[in-house]
Protein chains: 2
Amino acid sequence: MPSATFFNLPDDKRQRILDCALEEFARNDFDSASISQIVAQAGIAKGSLYQYFEDKTDLYRYLLELAIQKKREMMSAVPTADGQTFFEMLRSMFGALAQYELLYPKLARVGYRAVYGKSPLPEEMLRLARRSTQDYFALLIEQARQRGEIRADVDVAAGAYLFTAVLTQLGSYLAERIGMSADEIAATGSYPLHEAQVQAQFNQMIDLLESGLGTPRKD
Amino acid sequence: MPSATFFNLPDDKRQRILDCALEEFARNDFDSASISQIVAQAGIAKGSLYQYFEDKTDLYRYLLELAIQKKREMMSAVPTADGQTFFEMLRSMFGALAQYELLYPKLARVGYRAVYGKSPLPEEMLRLARRSTQDYFALLIEQARQRGEIRADVDVAAGAYLFTAVLTQLGSYLAERIGMSADEIAATGSYPLHEAQVQAQFNQMIDLLESGLGTPRKD
DNA sequence: CGGTCATATGACCGACCAGTCACATTATAA
DNA sequence: TTATAATGTGACTGGTCGGTCATATGACCG
């Protein structure tokens with residue numbers, strides 16, 4: 001955890017440090033990320049950073065917390081009507097996740113690295129994180145299947161895997177499709193000119209997940 | 001490219017060096033991967049390795065070549081009957097890819113890192129590699145659509161993305177489902193007891209891609 | 001035996017790393 | 001003003017890194 005000193009910092013300075021740290025950890029592995037680079041970029045002395053954070057891992061964990069917090073925040077902002085079908089809800093979730101990934105690409109990247117790359121976190125925790133998304137989807141699918149919205153013969157785990165696979169790469173796909181680099185989007189702070197495009201893209205994607213690519217079988 | 005000296009090495013020694021290098025580059029980023037670790041593990045002097053390879057990048061590129069070569073080899077071994085439908089062909093491709101990923105997890109991991117992680121390769125080349133798989137699928141989908149095997153209203157690019165997303169994580173999913181770690185499978189050299197299971201898994205997956213998860217619409 | 005050539009070796013180099021600490025600077029209070 | 005506490009600083013340490021090179025080893029040949 002950061003020290004009290006860190007939170008007493010002027011807002012702009014604190015933010016500058018976090019930005020530089022995020023940049024470095026988004027661009028590099030935990031091992032490759034360089035504290036020396038971060039302080040040089042932020043224009044502070046190395047000793048200062050070690051007054052704010054215990055060590056490299058402490059800083060890294062704090063960034064991860066920010067990522068998780070921001071993601072939760074955006075996911076919990078999805079509107080949930082009561083009579084919603086499974087695929088309608090999925091659409092909302094994809095939307096929220098797309099916003100998160102497009103607006104905070106560095107946070108998203110750090111989070112991704114933490115789960116799928118190397119990180120100083122205990123392996124047990126990583127396995128749990130990896131599983132949690134899939135387990136969550138598995139639950140949703142199971143429920144929807146019992147309501148009859150989903151074919152009775154689908155393998156729940158396979159479906160859950162399908163969703164997570166699509167989600168983990170959704171951000172880069174969308175960025176590519178709307179022709180803006182992730183950095184541009186983050187710089188703009190929003191993508192108002194493109195929201196309709198983005199919406200159309202993952203509507204299409206969910207349609208594929210719901211109905212498949214094949215021509216309807218006549219059996 | 002490795003020097004002639006490297007190819008003159010006794011087979012077992014050469015293989016040991018490659019194994020250790022693969023292990024290191026599979027486990028680490030290009031930057032984090034350590035030549036010192038590799039030579040220590042392989043039991044050779046550092047100077048020796050630099051007689052075989054020009055530098056770290058040279059060694060890395062050679063490993064990548066091996067990965068590409070092995071993948072091509074396994075993909076081109078898929079049986080292709082003439083009257084095959086799109087989804088039948090897809091099944092064959094998934095099968096070949098699953099074998100590659102399960103039998104050579106380290107090669108697969110190095111290849112994955114090269115495309116999606118950091119690597120010393122020119123950015124242009126990486127972008128091309130990233131696109132090539134998607135473009136390939138886009139072509140297949142377009143052709144299948146013209147033959148009427150695929151719904152006329154699917155977005156070709158979205159479909160291609162869907163396939164690549166599923167494929168890039170297929171290996172780890174399968175390994176998890178059949179309850180063997182990737183290392184165990186590689187150690188065994190095959191997974192004879194599980195082939196039926198594996199087959200069933202990606203049949204299920206392709207079925208989802210073809211028909212979707214949703215209950216058939218009655219329109 | 002000596003001579004020649006391919007190969008093996010590990011001490012060594014400069015660069016960079018995470019992290020420390022004695023000291024300098026600034027803010028606060030008396 | 002001075003005393004005290006909080007914050008800022010960057011040279012320094014011990015270590016690892018990729019890469020080099022003078023030297024050692026061994027194989028083959030005459």
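Within every chain, numbering begins at 1; the chains are lettered A, B, ... in the order of the sequence lines, protein sequences first and strands thereafter. Quick note: numbers below take in every heavy atom, side chains included, and nothing from hydrogens, waters or symmetry partners.
By the side chain to side chain donor-acceptor pair (under 3.5 Å) test, A/Ser119 pairs with no residue at all, sequence neighbours left out.
As rounded to whole Å, 18 Å separates atom P of D/dA6 from atom CZ of A/Phe7. If you measure from atom CG of A/Leu9 to atom P of C/dT26, you get 16 Å, rounded to the nearest angstrom. Atom-to-atom, CZ of A/Arg14 to P of D/dG8 comes out at 12 Å; the value is rounded to the nearest Å.
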Strictly under 4.0 angstrom, non-hydrogen atoms only: write out the protein contact profile of nucleotides 17-26 of chain D, one letter per nucleotide from the 5' end, B, S or -. SBBBB-----
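Residue A/Phe6 is classed as having no contact, given no heavy-atom separation below 4.0 Å to the nucleic acid. The residue A/Tyr52 sits close only to the backbone: its heavy atoms come under 4.0 Å of sugar-phosphate atoms, none of a base.
B/Arg16 places no side-chain N or O within 3.5 Å of a backbone atom of B/Gly43 that could act as its donor or acceptor partner. Judged purely by atom type and a 3.5 angstrom limit, B/Ser48 has no side-chain atom pairing as donor or acceptor with the backbone of B/Ile44. A/Arg130 places a side-chain N or O within donor-acceptor distance of the main-chain N or O of A/Val115, the cut-off being under 3.5 Å.
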Given side chain to side chain donor-acceptor pair (under 3.5 Å), test A/Thr168 with B/Gln169 step by step and report yes or no. CA-CA 10 Å; A/Thr168 52; B/Gln169 303 193 40; 2.6 Å; yes
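C/dT7 and D/dA24 make up a base pair, with Watson-Crick or G-U wobble contacts both under 3.5 Å.
Cation-pi geometry between B/Lys56 and B/Phe30 is met: the NZ or CZ atom falls under 6.0 Å from the ring centre, inside 45° of the normal.
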